[in-house]
K.L.:
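Sending over a structure as structure tokens; questions will come in a sec.
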Amino acid sequence: MTLTENYDHKEVEKKWIKEWEKQDIYKFNPTSKKPIFSIDTPPPYASAGHLHVGHALHYTQFEIVARVMRQLGMNVYFPPGFDDNGLPTEKYVEEKLNINKAKTNRARFREICLKESKKVEDLYSKNVFKRLGHSYDWNLLYTTISPEAQKVTQTVFLKLVKKGDCYRKEEPTIWCPHHETALAQAEVEDLKRTTKLSYINFDMKDSKEKITIATTRPEFLPACVGIFVHPDDKKYKKLIGKEVIVPLFKHKVKIMEDETVDKEFGTGMMMTCTFGDNSDIEKWKKYKLELRSILNKDGTLNKLSGKYEGIKSEQARKQIMEELEKEKRIKKQENIQQTVGSCWRCNTPVEYIITKQWFIKTLCHKEDLIKRGNEIKWYPEFMKTRFEDWTNNLGWDWIISRQRYYGVPIPVWYCEKCNQVIFPEEKELPVDPIETEKKCPKCSKKTKPETDVFDTWMTSSNSPEIASQWLKNPALYKRMAPMSLRPQSHDIIRTWAFYTILKSHLLFDRIPWKEVMICTYVLDPKGKGMSKSKGNAVWADEIIEKYGVDIFRYWVGTASLGSDLLFKEQELIAGRKFLTKLWNASRFVFMHLKNYKDEKPKKLELIDEYMLCRLSKLVEFATKKYRKYDIAEAKKMVENFFWHDFCDNYLEIIKDRLYNEERKKEGKISAQHTIKTILTTLLKLMAPITPFITEEIYQHLNQCEEKLSTVDCKSTPAYKIGSPCKSIHTSEWPKLMVKLNSSLEEAGQMFTEILSEVRKYKAKNNLSMKTEIGLTLTKKSQALLMPFLEDLQAVTKAKEIVFNEKFSIKKI
RNA sequence: GGGCUCGUGGUCUAGCGGCUAUGACAUCACCCUUACAAGGUGGAGGUCGGGUGUUCAAAUCACCCCGGGCCCACCA
């Protein structure tokens, strides 16, 4: 039972990764009677080659929770997943393999995607999750493009259609001209830019007067369907109801009034086009205006724009401006700051195009969803507000169809003759309508398959159902639902959390999970978000290579939930120091357990009992913190006890008992028993955070021992540290029933205070710590300190101790 | 423009009505002490972003302001 002089993290990591996998220690046991703790794991996109420290922190943070719950005696259901469905995979395959999806059929393209994502996922599991020591049950692995996930998605779709919560409608939708697909509100991000505001003169139809409107998008002139002014704007009052002629395109539109017009912006007169922006859509609906769609799906103008047909809108804008210039219609131009919506993946400004799409109702469920949000416990609490704000501010139903190649197909057909929408039976699922022919049940004519696929969130929002095997194993699912915990980051509260809560509400009339944990968000040292494109990403594998997994995880353990954490490499040093200290302290303990046969001391020395009581208290507090996912606080408490109470004080105190042959053997046994108990307990408390080093030490500690003892004496009746296990990670959490009695506490504290005073005295006088001194203690403390005297004398190197009025230390 | 959140020694962090404001890293001094110099002991370093108020008492509560971050709205 010895440890090597230096801790070799690489060796130890390699060994235990292999061993844990071999023994399958994280396997979920469906027959166990323990309470289930199920985690709705965020499945990462596996398309990125490697991941930065922020991602690694995120996944490790809730992995620590999984370990805590496992050790606390829960039957942990912790499935790994990959999100390999949708745009990122499609893009990755197109770019990496240089495949043009337009020239490949969907089945073939999907095959390539599947093969490619499988490759990346294998690499990812090995290089990231397993490397970080993550305790997933790999038997439960799921992917979002798997037939099972597709079946879940399509089944949910059919059920929602049946319920009336899912419908198809021709609507103006947010459109990405680059990806050529509809987007949900949640997929739109802000893009700030400077643009030109042009003041353009329009002719009135019935008079020589001219009016001027200001617009940033003159290329939308052919789509102009109305002019609006504010009802209180005196300048324009008399013009309301009159008609104007749209320059260049010569069609006539009416001047109308609407309260949303800002009198101060531009000329206070705005044109409404179908569709330049959101407010255009509102007015178009509100006033039932004409529809003049001028955009094609790729962002070029169509034939309604006359000679500009086929030209991209940016280009058309220039040409139209030149044309207007020629007609001397431009009064002036000015630069303005503008924020436009853009596609969250490619940053292309979005357009609004009218198409037929599938939707899920959200607007009519707002109130219920907020109620659901309240049934869930949010960590930290304030993150719930984000969910509520988002829900309250929703302006659109959720559009779930996407005009993409790769993804879960929408399982419907349309009759070419009577337009009947045909759905499959649930038992046919999963199905790709492109590959399956259907006849119209009404008129038996040929049908056209739907070519759209689902929004990826349509699948992700059923992650609880996919992960806990809703269709595959209904009995298991029933035991699991609602799941215990959803860990995720705050930037996808409006998507993943929102849609999951929505789905669960609509499908099952309940919450999807009992708790949500919003993980820490990592920023670069300057406080900016990390990304590959910004070039400020710090890669996790490089950090792990340099410091080791436990040190990285130790850093993860310092993060607190819901707040941002700046990554500063020098902060990893703290972890390195801790590991070294833990290793060395363990070496010391092992040295002195050499001939220890797990004998139980007849009676514990009082200072040992005091330490065990404090240890009990530590376990109690740390467990409380861990249960609230306050990993940082738990870790700090454990570490503080370990470093100061255990190493600095206690180990010094017992050295005399361990080395000094003249002292009674009982005292040594008491010390041996205590250090073994304390070390085992501390290892268990730290195991969720630093699983490798704790396992290594734990195994050495148990190597020669058949069983660990439980203290069984009058004063400390039941300190239980559990029996040894094949792994610390499946071992029992330390239990305690030891209460600190007040006189023992007082005495123990007095002891450490005296020790600290003596050290201060020696340091002040430039004395070595072994220098012998004379110690005078107060008479008041005599009764309390008597039982500790031998230990106190030994650790302070007091040649003599006397009791008198005042406390003092003197040289001898 | 609205909401949320944060602002504590050089850096990071605890405290969220009441002892001299916690701890870590860095820094300085001393100590090679039989597990550990990747250690120990001690010191220096803070008007707790600013202001006003509530209170016997404010880092902590309220209001305002300044500064950072995030989310949303606006987007003619």
Side-chain angles (χ1 to χ4, degrees), chain A residues 3 5-7 185-186 188-193 195 197-198 213-218 220 224 227-228 258 260-262 265-273 276-280 283 336-341 349 380-390 392-395 489-491 493-494 521 523 525-529 558-560 562-566 568 570-592 632-633 636 639-640 643-644 647-648 651-652 655 658-659 756 758-771 797:
Chain A
L3 294 179
E5 193 171 334
N6 293 307
Y7 175 58
Q185 189 181 352
V188 180
E189 283 189 347
D190 282 357
L191 179 72
K192 281 202 171 67
R193 63 176 185 187
T195 191
L197 181 65
S198 308
I213 63 113
T215 180
T216 54
R217 303 199 64 180
F220 265 90
C224 180
I227 305 287
F228 282 88
D258 190 87
T260 60
V261 178
D262 181 353
F265 190 94
T267 59
M269 205 172 232
M270 71 183 278
M271 71 171 184
T272 290
C273 313
D277 61 39
N278 225 335
S279 67
D280 284 345
K283 292 196 189 65
I336 57 159
Q337 276 295 318
Q338 183 195 35
T339 312
V340 293
E381 184 81 33
F382 67 77
M383 282 296 179
K384 186 169 72 186
T385 318
R386 293 236 179 137
F387 168 78
E388 285 174 354
D389 288 352
W390 173 258
N392 276 324
N393 291 325
L394 276 177
S489 67
H490 63 66
D491 55 342
I493 289 176
R494 64 192 171 133
Y521 206 72
L523 305 170
K526 287 176 192 148
K528 303 283 169 214
T558 61
S560 55
S563 65
D564 297 342
L565 179 67
L566 310 194
K568 294 184 177 164
Q570 54 164 15
E571 282 170 21
L572 287 160
I573 290 166
R576 184 154 64 193
K577 285 187 156 188
F578 173 77
L579 258 60
T580 306
K581 188 77 178 170
L582 182 60
W583 189 254
N584 284 320
S586 302
R587 281 177 59 211
F588 175 83
V589 170
F590 285 9
M591 252 172 65
H592 295 288
E633 198 54 30
K636 213 162 72 182
E639 198 180 359
N640 197 50
W643 208 295
H644 301 296
C647 294
D648 294 348
L651 293 185
E652 292 303 324
K655 270 184 183 169
L658 296 172
Y659 285 111
S756 151
V758 170
R759 283 175 176 162
K760 256 188 234 178
Y761 172 84
K762 290 183 182 173
K764 221 171 239 168
N765 293 292
N766 290 356
L767 297 171
S768 155
M769 290 296 153
K770 341 188 248 206
T771 315
K797 304 279 181 235

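This is a predicted model, so every value here is computed, not measured. Below, chains carry the letters A, B, ... as their sequence lines are ordered, and counting in each starts from 1.
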K.L.:
Looking at every strand, decide which applies to A:Trp390 at a 4.0 Å heavy-atom threshold: base, sugar-phosphate, or nothing.
P.N.:
sugar-phosphate
K.L.:
At under 4.0 Å between heavy atoms, how does the protein contact nucleotides 24-30 of chain B? Give one character per nucleotide, 5' to 3', with B, S or -.
P.N.:
SSS---S
K.L.:
Can A:Phe228 be said to stack with the base of B:A76, given centres closer than 5.5 angstrom and planes under 30 degrees apart?
P.N.:
no
K.L.:
Quick one: A:Phe265 CZ to B:A76 P, roughly how many Å, whole number?
P.N.:
5 Å
K.L.:
Kindly write out the residues that satisfy side-chain contact (heavy atoms from CB on, under 4.5 Å) with A:Leu394, not counting sequence neighbours, or none if the list is empty.
P.N.:
A:Gln185, A:Thr362, A:Leu363, A:Lys366, A:Trp390, A:Phe498
K.L.:
Which listed nucleotide (B:C72, B:G40, B:A76) is nearest to the side chain of A:Leu197?
P.N.:
B:A76
K.L.:
Return whichever of A:Glu571 or A:Arg576 has its heavy-atom-nearest nucleotide of RNA chain B closer to the 5' end.
P.N.:
A:Glu571
K.L.:
Report all interatomic pairs (protein N or O, nucleotide N or O of nucleotides 2-8 of chain B) with separations under 3.5 Å.
P.N.:
residue, atom, partner, partner atom, Å
B:G3, O2', A:Asp389, OD2, 2.8

K.L.:
Mind checking the C1' distance from B:G51 to B:G67? Whole angstroms is fine.
P.N.:
15 Å
K.L.:
Let me spell it out: for each of A:Val188 and A:Thr260, pick the nucleotide of RNA chain B with the closest heavy atom. Which residue's pick is nearer the 5' end?
P.N.:
A:Val188
K.L.:
Could you work out which one of B:A76, B:A14, B:C36 sits closest to the side chain of A:Ser560?
P.N.:
B:A14
K.L.:
Using the P atom in both, what is the distance from B:A26 to B:G40, to the nearest Å?
P.N.:
12 Å
K.L.:
Can you tell me which nucleotide in B:U41, B:A76, B:C70 comes closest to the side chain of A:Met769?
P.N.:
B:U41
K.L.:
What I want to find out is whether A:Arg494 reaches A:Glu189 closely enough, with some N-O distance under 4.0 Å, to be called a salt bridge.
P.N.:
yes
K.L.:
Please give the distance between the P atoms of B:C6 and B:A76 as a whole number of Å.
P.N.:
35 Å
K.L.:
Could you tell me which residues satisfy ring-ring contact (aromatic ring centres under 6.0 Å, His included) with A:Phe220, sequence neighbours excluded, listed by chain and number?
P.N.:
none
K.L.:
Of the nucleotides B:A76, B:U11, B:C36, which has the atom closest to the A:Asn584 side chain?
P.N.:
B:C36
K.L.:
State whether A:Thr580 places a side-chain N or O below 4.0 Å from either non-bridging phosphate oxygen (OP1 or OP2) of B:C36.
P.N.:
no
K.L.:
What nucleic acid atoms does A:Ala585 come within less than 4.0 Å of, heavy atoms only: base, sugar-phosphate, or nothing?
P.N.:
base
K.L.:
If the condition is side-chain contact (heavy atoms from CB on, under 4.5 Å), which residues does A:Thr260 pass it with, not counting sequence neighbours?
P.N.:
A:Asp258, A:Lys283
K.L.:
Ignoring hydrogens and geometry beyond distance, is the side chain of A:Lys581 in donor-acceptor contact with the base of B:C36 at under 3.5 Å?
P.N.:
yes
K.L.:
Locate the shortest heavy-atom distance separating A:Arg217 from A:Gly276; write the atom from each residue and the value.
P.N.:
NH1-O, 3.8 Å
K.L.:
Between B:C66 and B:G50, how many Å separate the two P atoms, rounded to a whole number?
P.N.:
15 Å
K.L.:
When the C1' atoms of B:C48 and B:A14 are compared, how many Å lie between them, rounded to an integer?
P.N.:
12 Å
K.L.:
Residues two or more places apart in sequence or in another chain: which of them pass side-chain contact (heavy atoms from CB on, under 4.5 Å) with A:Ser198?
P.N.:
A:Ile200, A:Met321, A:Gln333
K.L.:
So what does A:Lys764 touch, heavy atoms closer than 4.0 Å: a base, only the sugar-phosphate, or nothing?
P.N.:
nothing
K.L.:
Listed by chain and number, what are the salt bridge (Lys or Arg N to Asp or Glu O under 4.0 Å) partners of A:Lys797, not counting sequence neighbours?
P.N.:
none
K.L.:
When you measure from the side chain of A:Asn393, which nucleotide among B:G42, B:C72, B:A14 comes out closest?
P.N.:
B:C72
K.L.:
A:Tyr761: which residues meet the ring-ring contact (aromatic ring centres under 6.0 Å, His included) condition with it, sequence neighbours left out?
P.N.:
none
K.L.:
If I take atom CZ in residue A:Phe578 and atom P in nucleotide B:G39, what distance separates them, rounded to the nearest angstrom?
P.N.:
13 Å
K.L.:
Quick one: does any side-chain atom of A:Lys762 pair with a main-chain N or O of A:Thr771 as donor and acceptor, under 3.5 Å?
P.N.:
yes
K.L.:
Suppose you measure atom P in B:G15 against the same atom in B:U22; what distance do you get, rounded to whole Å?
P.N.:
14 Å
K.L.:
In this structure, how many angstroms lie between the C1' atom of B:U13 and the CG atom of A:Leu566, rounded?
P.N.:
12 Å
K.L.:
In whole angstrom, give me the gap between the C1' atoms of B:U60 and B:G3.
P.N.:
24 Å
K.L.:
Grab the NZ-P distance between A:Lys797 and B:U41 for me, whole Å please.
P.N.:
16 Å
K.L.:
Hey, are the side chains of A:Glu652 and A:Met769 touching, using non-hydrogen atoms and a 4.5 Å cut-off?
P.N.:
no
K.L.:
Going by the rule ring-ring contact (aromatic ring centres under 6.0 Å, His included), which residues pair with A:His490 if we only count those two or more places apart in sequence or in a different chain?
P.N.:
A:Tyr521
K.L.:
Could you tell me which residues satisfy side-chain contact (heavy atoms from CB on, under 4.5 Å) with A:Ala214, sequence neighbours excluded, listed by chain and number?
P.N.:
A:Leu197, A:Tyr199
K.L.:
Would you classify A:Cys647 as touching base, sugar-phosphate or nothing, given that sugar-phosphate means primed atoms plus P, OP1 and OP2, and contacts are heavy atoms under 4.0 Å?
P.N.:
base
K.L.:
For Watson-Crick and G-U wobble pairs within 3.5 Å on both distances, what is RNA chain B written in dot-bracket notation, | included for inter-strand pairing?
P.N.:
((((((((.[[[..)..(....]]].(((((.......))))).....[[[[[..)....]]]]])))))))....
K.L.:
Taking side-chain hydrogen bond (donor to acceptor under 3.5 Å, both in side chains) as the definition, give me every residue that meets it alongside A:Glu639, ordered by chain and number, with sequence neighbours left out.
P.N.:
A:Tyr554
K.L.:
Ignoring hydrogens and geometry, is there a side-chain-to-backbone donor-acceptor pair from A:Asn640 to A:Lys636 under 3.5 Å?
P.N.:
no
K.L.:
Which whole number of Å gives the distance between the P atom of B:U5 and that of B:U41?
P.N.:
40 Å
K.L.:
Please give, in whole Å, the distance from B:G69 C1' to A:Leu565 CG?
P.N.:
13 Å
